[in-house]
Protein chains: 2
Amino acid sequence: MATIADVARAAGVSPSTVSYALSGKRPVSDETRRRIERSVAELGYHPNAGARALAGKRAHIIALAVPLRTDVYVPIMMEIATSVTVAARKHSYDVLLITNDEGPDGIRRLTASGLADGVILMDVELDDKRIPALGKMQAALIGLPEAPGGLSCVDHDFAAAGALCADHLADLGHRDVAFIGYAPGIYRRHAGYAERTLVGFRARAQEHGLRFLHRPCEGTYEGTAGALGRILADRPETTGFVVQNEGAIGPLLNLLRTSGRTVPEDASVIALCPERLAEQYTPALTAVTGSAKELGRIAVEQVMSRISASMCGEQPADDLVLLPPTLTIRESTGPI
Amino acid sequence: MATIADVARAAGVSPSTVSYALSGKRPVSDETRRRIERSVAELGYHPNAGARALAGKRAHIIALAVPLRTDVYVPIMMEIATSVTVAARKHSYDVLLITNDEGPDGIRRLTASGLADGVILMDVELDDKRIPALGKMQAALIGLPEAPGGLSCVDHDFAAAGALCADHLADLGHRDVAFIGYAPGIYRRHAGYAERTLVGFRARAQEHGLRFLHRPCEGTYEGTAGALGRILADRPETTGFVVQNEGAIGPLLNLLRTSGRTVPEDASVIALCPERLAEQYTPALTAVTGSAKELGRIAVEQVMSRISASMCGEQPADDLVLLPPTLTIRESTGPI
DNA sequence: CGCGGTCGTCGAAGCGCTTCAATGTTGCCG
DNA sequence: CGGCAACATTGAAGCGCTTCGACGACCGCG
């Protein structure tokens, strides 16, 4: 394996010059730089990661803490993971995967060993036990904790998404609407995304003078049947439905059909879910969506900026980004 | 951050003794070891990863190359990724994520920089362009390439899975069966898993004297409708269906129902898909499954054994593991 | 009692890189 | 033409760890 000394010898300069030429931290004459670049290419030189980390005091690695939980829509997690990896590479960083089963200790280990310069925490809960473990480690959170003090966070603007749903249904003339949400356990756990969506929806629905019901719902056929049954029993005049539980979408459409309601003529359904999911139903679903890719990309920018700030001895600025959602009108909503 | 020297000072020994105590590469008296362990705990010492990699000539990191493709069932990928991470941690290894968009160069970079000691390639194709880039890097492949010469591979035994389907349908008395496969493009690409399943199914079906049709099928409602339509037109007496395309399962069940066939009374459906998927349909699907977790675990064992072999100067043995599939009988198959 | 052999410990070298202080070189101004 | 920048380059130190060879202490054996 070629070392920096090999390159230096081949280019007829000293190792330090090669280092400076490659890092650009000091000016190097064009002539010298060219010779060095040629030698690097010829020898297929790549700096040794360990040595670089040791001497340079940064590992050029960020850690990505993925959840083990499976009650979230997994493809989204994967999408975020790949967008994080791609975005990190743009900064010449690599991505280390850590799972929750090591718990907060995993994060402590990274901090203490200098393996990673920063962390991205996915699927952050309101009161996430991983946050205290961060210590001095630079971090970006995907999801909003209760107390984001001094941390960088990025998330979908779920409140805006909820509001968008209310707007759309109100615009179409619906007066009685129902919100079919996540499983009760999720609300009990005070998952931020679930609550914020609901709050946004509720507020805007009230502004529009809509009457509405919220029904938590397990993402199963039976769960959905129960939720829908109670909605139609409590308020049979309901014509607008908002679903935030991926598992309930298919059942809901079937149940509406079998109860004699045609979508979108008799009932409008609007989903809070990824594009791909919304498109694969019949009828294709009007949906409010956020970009998972964007989430990952921004989280990377946030850690990167924190890392470079902390390298310069500055106090990294905290930062909160809420990504605006998009409403895509498809075939499942219509005027009443 | 505490260093090995700090620990040594606190324990009243030399740094090398601490190193030996922690690695166990040389005997250390119980008394000394205890003092060292106490100091380690008190100081919260974790060896610096960079220094360890530099001096020890191994990074304690394996890379995991995940596909960017989305025409595979993503949760499986995620499951493999987490099981790899968990298994790697058991060996005190961490996992670095690399995506295909860097292509073979990404792998070359890892090899040259010594960032990773080994690689696991997921979703390996028959003629995978990443394989030549491996060079001297220790690797395990998840999936079977055309020429696994000298490499370690692990995959589901798709042929056995296909055979299991044929067995089950034959046992139940079905004589005319259909295999609803992946999209034609997948067969044209000669994806190993698709072909092997089909081969295994075909051979066993013939042994049982079954008559059967194979229909590639896009994973959409329309695609499935077309495939099923042709099957029922060509051979209306077909009563057994094997589906290997996740996207076709839902549509198939609906289509059978609307064509007046009750499952499992009039037609049996057996799916080649993950458990979780099979369970969520009504009726719950009889399915042939392999364990994704196991795939990841074994791949890790394979790289680990190769890494330690190569550290000892031995030639790592190649290894091929095909995981036997399991048939889980649920509600979608019955005697005819 | 002396010799070889363990056993436990230590000092020092070195892994490949970054970075600082210092050196040599050139060019410009007064 | 002397002196002082500014620039390009270098040697050497050191990051924190592993590992090798060496050393002293202690044991049992002849």
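In what follows, chains are A, B, ... by sequence order, proteins preceding strands, each numbered from 1.
- At a non-hydrogen distance threshold of 4.0 Å, A/S16, A/S19, A/Y20, A/K25, A/R26 from residues 16-28 of chain A come into contact with DNA chain C.
- Inspection of the A/Y93 and A/R58 side chains reveals an N or O donor paired with an N or O acceptor under 3.5 Å.
- Using a 3.5 Å distance cut-off with no hydrogens or angles, the side chains of A/T85 and A/T82 do not pair a donor with an acceptor.
- B/R306 has no carboxylate O lying under 4.0 Å from a charged side-chain N of B/D318, or vice versa, which leaves the two without a salt bridge.
- No hydrogens or angles considered: a donor-acceptor pair under 3.5 Å links the side chains of A/S29 and A/T32.
- Taking the side chain as every heavy atom from C-beta outward, B/L134 and B/V119 approach each other to under 4.5 Å.
- Atom CZ in A/R58 sits roughly 14 Å away from atom C1' in C/dT19 (whole-Å rounding).
- A/T99 is listed as a side-chain neighbour of A/V66, based on a closest heavy-atom distance under 4.5 Å.
- Checked for salt-bridge contact, A/R34 and A/E37 miss the test: no charged N lies under 4.0 Å from a carboxylate O.
- B/V321 pairs with exactly one of B/D155, B/D157, B/V154 by the side chain to side chain contact (heavy atoms under 4.5 Å, CB included) rule, that one being B/V154.
- Side-chain N/O atoms of B/S19 and B/S16 include no donor and acceptor closer than 3.5 Å.
- A salt bridge links B/R109 to B/E102: one of the charged nitrogens lies within less than 4.0 Å of a carboxylate oxygen.
- For DNA chain D, the outermost nucleotides in 5' to 3' order that have an atom under 4.0 Å from a heavy atom of chain A are D/dA8 to D/dG16.
- The rotation axes computed at either terminus of the helix from C/dC1-D/dG30 to C/dG30-D/dC1 lie 50° apart, taking five pairs at each end and rounding to 10 degrees.
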